[in-house]
There are 2 protein chains.
Amino acid sequence: MPRQAILEALRKANKHFSTEELYHVVHKKYPAIGLATVYRTLELLCQIGLIFKFDFGDGLSRYELAVGPDQNHHHHLICTTCGRIIDFSELVEEETRVTRELENVLSKKYNFKIDSHQTHFLGLCEKCLSDLKGSDLSAATGTLK
Amino acid sequence: MPRQAILEALRKANKHFSTEELYHVVHKKYPAIGLATVYRTLELLCQIGLIFKFDFGDGLSRYELAVGPDQNHHHHLICTTCGRIIDFSELVEEETRVTRELENVLSKKYNFKIDSHQTHFLGLCEKCLSDLKGSDLSAATGTLK
DNA sequence: TTCTAATTGAAAATGATTATCATTTACATT
DNA sequence: AATGTAAATGATAATCATTTTCAATTAGAA
């Protein structure tokens, strides 16, 4: 039952949920379910391949439900200031072509069996960009105290 | 002085050193230098841009010295079984072209200032692959006890 | 020299994740 | 239904990388 409850919750949850987030959602509805079970279930689902685990560098593990056709393409924009994560799927066709090529070369050269790949673009999101400009301005002009 | 010692050490260190690894190297030569300073210095060097920080999913932060011409291209093969990390730079030209294109589209669409990107290929390295085949064989044939 | 701010090392605190272990559950076989 | 056994669970403790704290030291300016 816990596993079903967790799966149900993460189907509704937003993308890139953390373990803690999911635990809160599940625990509110099923107070008997503990944190350890959430961890264990997520690991299990990961092994089965129903979800993917990511690490975006903020110290939390994040997960993503494995649905849709492109299950081994995982591309994210990550704001290095606020940690916001944006999914994208632009230019998948062309990127896929290059990646296939790359995977072929690499797997032969290094005898490496490639299962999946992920690309992270690091930078500043819209909000943090404008925040930064604001503070730069005030610093430069000496206004706003 | 500690910072120089740390920089010196990481110039000699192998790629993808962890904080702990670096601490051991530095501490052996300069026993007065503590772990906290290594952490602090690595963070500092990261902000300055002298090193890059990576997270390959094994719970440790890894660093890479920022030298060479392609400083915003970071591509790795990561073995999901033993954690081995392989650097590669094949097909950089073509991959760069596609990536530039992607970055243009993305930064416009999401108002996102992209500073760098990294691509991780996940799978099995040569050794783990052969280990796996070995155990499969023995399991299938029932040999080797 | 004297003052001040930055740097440091040791140790404690933090926080996510994992391991432990007694209890509960599932379920196949009576 | 009753029983037995292995898997699953929840609470708690343990682990471990990283961060924070804080007193002591250092560096550099005045």
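Throughout, a chain's letter reflects where its sequence line sits, starting with A, and its residues are numbered from 1.
No side-chain donor-acceptor contact under 3.5 Å links B/E43 to the backbone of B/R40. When atom types are taken as modelled, the side chain of A/S107 and the backbone of A/I114 share no donor-acceptor pair closer than 3.5 angstrom. Without hydrogens or angle criteria, B/T41 side chain to B/V38 main chain gives no donor-acceptor distance under 3.5 Å. At least one donor-acceptor pair under 3.5 Å links the side chain of B/T99 to the backbone N or O of B/E95.
Look at A/E8 and A/K12 and you find a salt bridge, because one of the NZ, NE, NH1 or NH2 atoms lies within 4.0 Å of a carboxylate O, short of that distance. Between B/D115 and B/K113 there is a salt bridge, since at least one side-chain N of the basic residue sits less than 4.0 Å from a carboxylate O of the acidic one.
With rounding to whole Å, B/D58 atom CG is found 20 Å from D/dT15 atom P. For the pair B/I6 CD1 and C/dT8 P, the interatomic distance rounds to 8 Å; values are reported in whole Å. Separating the CD atom of B/Q4 from the P atom of C/dT7 is a distance of 14 Å, rounded to the nearest angstrom. The distance between atom OH of A/Y23 and atom C1' of D/dT9, rounded to the nearest whole Å, is 13 Å. The CG-P distance, from B/L42 to C/dT8, rounds to 12 Å in whole Å. What separates OH of B/Y30 from C1' of D/dT26 is a distance of 17 Å, to the nearest Å. Spacing between atom CD of A/E21 and atom P of C/dA16 amounts to 11 Å, rounded to whole angstrom units.
Side chains of B/D87 and B/H16: a donor-acceptor N/O pair is present below 3.5 angstrom, by distance only.
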Atom pairs under 3.5 Å, N or O on each side, protein against nucleotides 18-20 of chain D: can you list them with distances?
residue	atom	partner	partner atom	Å
D/dT18	OP1	B/S61	N	2.8
D/dT18	OP1	B/S61	OG	2.8
D/dT18	OP2	B/Y39	OH	2.5
D/dT18	O5'	B/Y39	OH	3.3

What N/O pairs connect the protein and nucleotides 26-28 of chain C at under 3.5 Å? Give each pair on its own line.
none

Which is it for B/H120 and B/H75 under the side chain to side chain donor-acceptor pair (under 3.5 Å) test, yes or no, and what are the steps along the way? CA-CA 6 Å; B/H120 293 178; B/H75 296 171; over 6 Å; no

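Under 4.0 angstrom from either OP1 or OP2 of D/dG10 there lies at least one side-chain N or O belonging to A/T37.
Shown are A/E21, A/K53, A/K15; of these, the side chain to side chain contact (heavy atoms under 4.5 Å, CB included) with A/Y63 is made only by A/K53.
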